[in-house]
2 protein chains.
Amino acid sequence: MMKRIPDVVVRRMPLYLRAVEDFARREHEVVSSQELGDWTGLTPAQVRKDFTFFGEFGKQGIGYNVKFLRQQLREILRISENVHVGLVGFGNLGRALAHYLIDSHVTDNPEFGSPDKLRVTAAFDVDESIVGTDYRGMPIFHVDRLSEIVHEHGIKIIVIAVPARHAQAVATKCAEAGVKAILNFAPVTLNVPDEVKVHHTDLTLELQSLAFYTA
Amino acid sequence: MMKRIPDVVVRRMPLYLRAVEDFARREHEVVSSQELGDWTGLTPAQVRKDFTFFGEFGKQGIGYNVKFLRQQLREILRISENVHVGLVGFGNLGRALAHYLIDSHVTDNPEFGSPDKLRVTAAFDVDESIVGTDYRGMPIFHVDRLSEIVHEHGIKIIVIAVPARHAQAVATKCAEAGVKAILNFAPVTLNVPDEVKVHHTDLTLELQSLAFYTA
DNA sequence: GATTGTGAACGGATTCACAGCA
DNA sequence: TGCTGTGAATCCGTTCACAATC
């Protein structure tokens, strides 16, 4: 029964969640694959097919119950439980990311009943002038304590926002500490064991590939 | 002869450029598809196939001349000419992006002979307290002047770093002003004419999809 | 009548495997 | 011999189309 779920499908699930939360906010009771498709820019067939990887959430002739679908998606993405995120690198980019993550609806969506439990609970840096301080209640540790704190806080995901030359060392440490997933903002290809999932966001690569289309 | 080039291929080209610049830095004269594959984490066959979309850059039995390949890739990505980039939204994220773009090797790689000509030349915001000021020589304009400045500076790419609720309006303005490509950091799906290329970087979506793998 | 869930068809991207050339 | 360039084969994700169901 447990078919392997393609990565592309997993990447679309949060988008469906965002869509269904919007329908919920607008107090729709049900939503069709057609409506979800319009909202996300995908085909209705794709929406339905994607869902089948995880189960049968709809009713034929009717559509999907918004509340039920929302809950299912939250469970699939595990944001109905607590997922702790660590942030390594508290320079310019790191601070901007922390600001965004702590303020935005990612970490808290209170007007809407159920706050996300995807939480940035610790930051790491090497700069002694900020190690030991707090950012909006989030403690900043020295990177040397990464492994220790990852275990203590049960951190599962690490966001890497350090300079390129340090990124691989941090990634290796993360892998050793048992981190499950890494979101890498440094402009280097990371080498980690297969069991660690890596997503890479690279401003340089994005801009350079867009430059191709400026003809 | 001019076959259509798949988007996935275009997205890999900057990675090849980064690889070949590294080989150049280490003073290799030639590089094989095998070596490029190891560096990038792709298969040699894929590297070769990707290149064929743009021409024949190698010598059979030998490999690719590093200097020549580098030049070819820079021309393909149009970073041998000037490409002007504008940044809309100069809050926390926008400032961090500006900092990164202005300092990093994206915009300038002088130790290496030929600086990239992908340059952030203007920022836009609505905050009157920063409009009219400079950031490291980059002027900050009011968003109302977007179209005017885009034409004046010949801006081809816009980076959107505004709050979600304003992103669509900005994107529409960009499209009207003739911008060729948009890099969107706001957590919304943008609706623009097909001739405008959009890449989307969404921290929320990335983290939520990674959360799936934390089981 | 409407809409889901899904097997089958399709299409596009990756990999294979080898001919051709240095 | 070594490595590129590429047609053929394969793999994988998307779309189609329709039976099942409300």
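Chain naming here is simple, since letters A, B, ... match the order of the sequence lines and numbering starts at 1 in each. Just so it is clear, the values below take in all heavy atoms, side chains as well, and ignore hydrogens, waters and symmetry mates.
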(message) Rounding to 10°, can you tell me the angle the first-five-pair axis of the helix from C/dG1-D/dC22 to C/dA22-D/dT1 makes with its last-five-pair axis?
(response) 0°
(request) Ignoring backbone atoms, establish whether B/Tyr64 has a side-chain N or O less than 4.0 Å from OP1 or OP2 of D/dG5. (result) yes
(request) Kindly say if A/Ser33 contacts the phosphate of C/dT4, meaning a side-chain N or O under 4.0 Å from OP1 or OP2. (result) yes
(message) A quick test of your reading: do over 12 heavy atoms of other residues, nucleotides or ligands sit less than 6.0 Å from CD of B/Glu27?
(response) no
(request) Please determine if a side-chain N or O atom of A/Thr43 lies less than 4.0 Å away from the OP1 or OP2 oxygen of D/dT15. (result) yes
(message) Return the NZ to CD1 distance between A/Lys180 and A/Ile155, rounded to the nearest 0.5 Å.
(response) 13.0 Å
(message) Between the base of D/dG7 and the side chain of B/Lys49, is one N or O donor paired with an acceptor at under 3.5 angstrom?
(response) yes
(request) May I have the distance from B/Arg48 (atom CZ) to C/dG20 (atom P), rounded to whole angstrom? (result) 16 Å
(message) Between A/Lys67 and A/Glu29 (salt bridge meaning N to carboxylate O under 4.0 Å), is one present in this structure?
(response) no
(request) Just call it for B/Phe51: base, sugar-phosphate, or nothing, with non-hydrogen atoms closer than 4.0 Å on any strand. (result) nothing
(request) Kindly check if the number of other-residue, nucleotide or ligand heavy atoms within 6.0 Å of NZ (B/Lys173) is above 12? (result) yes
(request) To the nearest Å, give me how far apart CZ (A/Phe53) and C1' (C/dG7) are. (result) 13 Å
(request) Rounded to the nearest angstrom, tell me the gap between atom CZ in A/Arg12 and atom P in D/dG13. (result) 9 Å
(request) Could you check how far CD of A/Gln34 sits from C1' of C/dA2, rounded to whole Å? (result) 12 Å
(message) Let me spell it out: for each of A/Gly63 and A/Glu56, pick the nucleotide of DNA chain C with the closest heavy atom. Which residue's pick is nearer the 5' end?
(response) A/Gly63
(request) Write down the distance between CG (B/Asp7) and P (C/dG12), rounded to a whole number of angstrom. (result) 14 Å
(request) By nearest nucleotide on DNA chain D, pick out whichever of B/Ala45 and B/Ile62 is the more 5' one. (result) B/Ile62
(request) Provide, to the nearest angstrom, the distance between the CG atom belonging to A/Leu36 and the C1' atom belonging to C/dG5. (result) 15 Å
(message) Taking only side-chain N and O atoms of B/Gln60, does any of them lie within less than 4.0 angstrom of OP1 or OP2 on D/dG5?
(response) no
(message) Please determine whether salt bridge (charged side-chain N to carboxylate O under 4.0 Å, His left out) holds for the pair B/Arg26 and B/Asp22, giving the CA-CA distance in whole Å, both sets of side-chain angles, and the decisive distance to 0.1 Å.
(response) CA-CA 6 Å; B/Arg26 291 186 280 123; B/Asp22 189 46; 3.1 Å; yes
(request) I would like to know whether B/Asp202 and A/Arg18 meet salt bridge (charged side-chain N to carboxylate O under 4.0 Å, His left out); could you show each step before the answer? (result) CA-CA 12 Å; B/Asp202 195 315; A/Arg18 187 178 283 167; 2.8 Å; yes
(request) Please tell me which of the listed nucleotides, C/dT6, D/dC22, D/dG13, lies nearest to the side chain of A/Lys59? (result) D/dC22
(message) Whole angstroms only, please: what is the CG-P distance between A/Asp50 and D/dT14?
(response) 7 Å
(message) Suppose we call two aromatic rings close when their centres sit under 6.0 Å apart. Are A/Tyr135 and A/Phe90 close by that rule?
(response) yes
(request) Figure out the CZ/C1' separation between B/Arg4 and C/dG12, and round it to whole Å. (result) 9 Å
